[in-house]
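Each residue takes its place number in the sequence, starting with 1.
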Amino acid sequence: MPKLPEHSGLGRPGVGVGIWIFHNDKILFSRRIGKHAHGTWALPGGHLEHGESFEDCARREAMEECGLEIHDIRLYTVTNDYFTENGKHYVTVHVVARSDSGTFKNREPEKHADFGWYAWENMPTPLMKPIENMLKQGVSPPADFMKRSKK
């Protein structure tokens, strides 16, 4: 990994939470249109706030980004993600969650476009680096979780 210049101001890695929201065995993705990871497909999620649990961060970010209430939130995996294009470094905590509603609203249109539900076997591409890194780890879809997501 390249060493950051001392004047970069980036210091330690940030902590992000990526939310694998399942509804009827599909996962919610959006295409990023902001500066960071522009053009890649990503999960809802964002920065972990000081003193916030992973679960509370996931609930907050799901509501802020797409207006979804989520439940049954649990830790899935963790990735170490270095973005060479802008020198950003994140530790991403991936969580899985369920939504009883498939109805979402793009509440951050300046950052996201093209929200949609996708099957694990048919994820949109190109994927954001934390998702790519997770898949390289060989993480499998949470089969028991998917089976229980149907209402």
Side-chain angles (χ1 to χ4, degrees), residues 1-23 26-99 101-102 104-120 122-142 145-146 149:
M1 181 173 315
K3 185 177 178 184
L4 293 174
E6 289 186 34
H7 64 278
S8 70
L10 297 176
R12 295 180 184 192
V15 178
V17 175
I19 317 158
W20 293 80
I21 302 175
F22 284 83
H23 176 73
K26 293 198 175 175
I27 307 154
L28 186 63
F29 285 90
S30 69
R31 187 172 48 83
R32 295 185 58 90
I33 59 173
K35 289 181 183 178
H36 181 58
H38 181 85
T40 62
W41 288 85
L43 304 165
H47 295 103
L48 182 69
E49 300 294 335
H50 183 78
E52 190 174 44
S53 71
F54 301 140
E55 295 82 2
D56 286 344
C57 179
R59 279 187 202 90
R60 176 181 54 77
E61 289 288 352
M63 186 55 67
E64 284 177 7
E65 289 186 18
C66 48
L68 284 176
E69 290 187 17
I70 58 174
H71 59 94
D72 294 340
I73 304 163
R74 74 175 193 216
L75 181 64
Y76 191 30
T77 193
V78 177
T79 55
N80 186 21
D81 309 306
Y82 184 75
F83 295 83
T84 55
E85 64 277 5
N86 59 15
K88 290 187 177 186
H89 184 185
Y90 284 93
V91 172
T92 304
V93 177
H94 298 258
V95 299
V96 291
R98 290 189 186 86
S99 174
S101 171
F104 52 82
K105 179 176 178 161
N106 184 354
R107 292 184 150 180
E108 295 180 334
E110 71 284 0
K111 296 180 183 178
H112 309 278
D114 305 323
F115 272 95
W117 295 101
Y118 293 85
W120 179 274
N122 193 32
M123 291 182 209
T125 57
L127 292 167
M128 192 175 178
K129 185 169 291 297
I131 302 167
E132 286 180 345
N133 288 343
M134 188 201 85
L135 294 173
K136 286 177 189 174
Q137 292 176 355
V139 174
S140 300
F145 193 93
M146 293 170 65
S149 68

Which residue in the set Asn80, Asp81, Thr79 passes side-chain hydrogen bond (donor to acceptor under 3.5 Å, both in side chains) when paired with Asn133? Asp81
Mind listing the closest non-hydrogen atom pair of [X] and [Y] along with its distance?
X: Ile21; Y: Pro44; answer: CD1-CG, 3.9 Å
X: Pro142; Y: Tyr76; answer: CD-OH, 3.2 Å
X: Arg31; Y: Gly39; answer: CG-O, 4.0 Å
X: Glu61; Y: His47; answer: OE2-N, 3.8 Å
X: Leu48; Y: Ser53; answer: CD1-O, 3.7 Å
X: Leu127; Y: Thr40; answer: C-CB, 3.9 Å

side-chain contact (heavy atoms from CB on, under 4.5 Å) between His38 and Ile33: does it pass, once the steps are laid out? CA-CA 5 Å; His38 181 85; Ile33 59 173; 4.2 Å; yes
Nearest 0.5 Å, please: how far is [atom2] in [Y] from [atom1] in [X]?
X: His89; Y: Arg12; atom1: NE2; atom2: CZ; result: 12.5 Å
X: Thr92; Y: Met128; atom1: OG1; atom2: CE; result: 7.0 Å
X: Ser101; Y: Ile70; atom1: OG; atom2: CD1; result: 12.5 Å
X: Leu68; Y: His23; atom1: CG; atom2: NE2; result: 9.0 Å
X: Ile73; Y: Arg98; atom1: CD1; atom2: CZ; result: 11.0 Å
X: Glu132; Y: Lys136; atom1: CD; atom2: NZ; result: 5.5 Å

Mind checking whether Trp41 and Ile131 have side chains closer than 4.5 Å, heavy atoms only? no
With a 4.5 Å heavy-atom cut-off, do Leu43 and Phe29 have their side chains touching? yes
With sequence neighbours excluded, residues passing ring pair (Phe, Tyr, Trp, His ring centres under 6.0 Å) with His36: Phe83, Tyr90
Taking ring pair (Phe, Tyr, Trp, His ring centres under 6.0 Å) as the test, write out the residues that go with Phe115, two or more places apart. Phe104, His112
Decide side-chain contact (heavy atoms from CB on, under 4.5 Å) for Trp20 and His94; before the verdict, give the C-alpha distance in whole Å, the side-chain angles of both, and the deciding distance to 0.1 Å. CA-CA 7 Å; Trp20 293 80; His94 298 258; 3.2 Å; yes
Spell out, as yes or no, whether a donor-acceptor pair under 3.5 Å connects the side chain of Glu64 to the backbone of Glu108. no
Which is it for Ser30 and Asn106 under the side-chain contact (heavy atoms from CB on, under 4.5 Å) test, yes or no, and what are the steps along the way? CA-CA 9 Å; Ser30 69; Asn106 184 354; over 6 Å; no
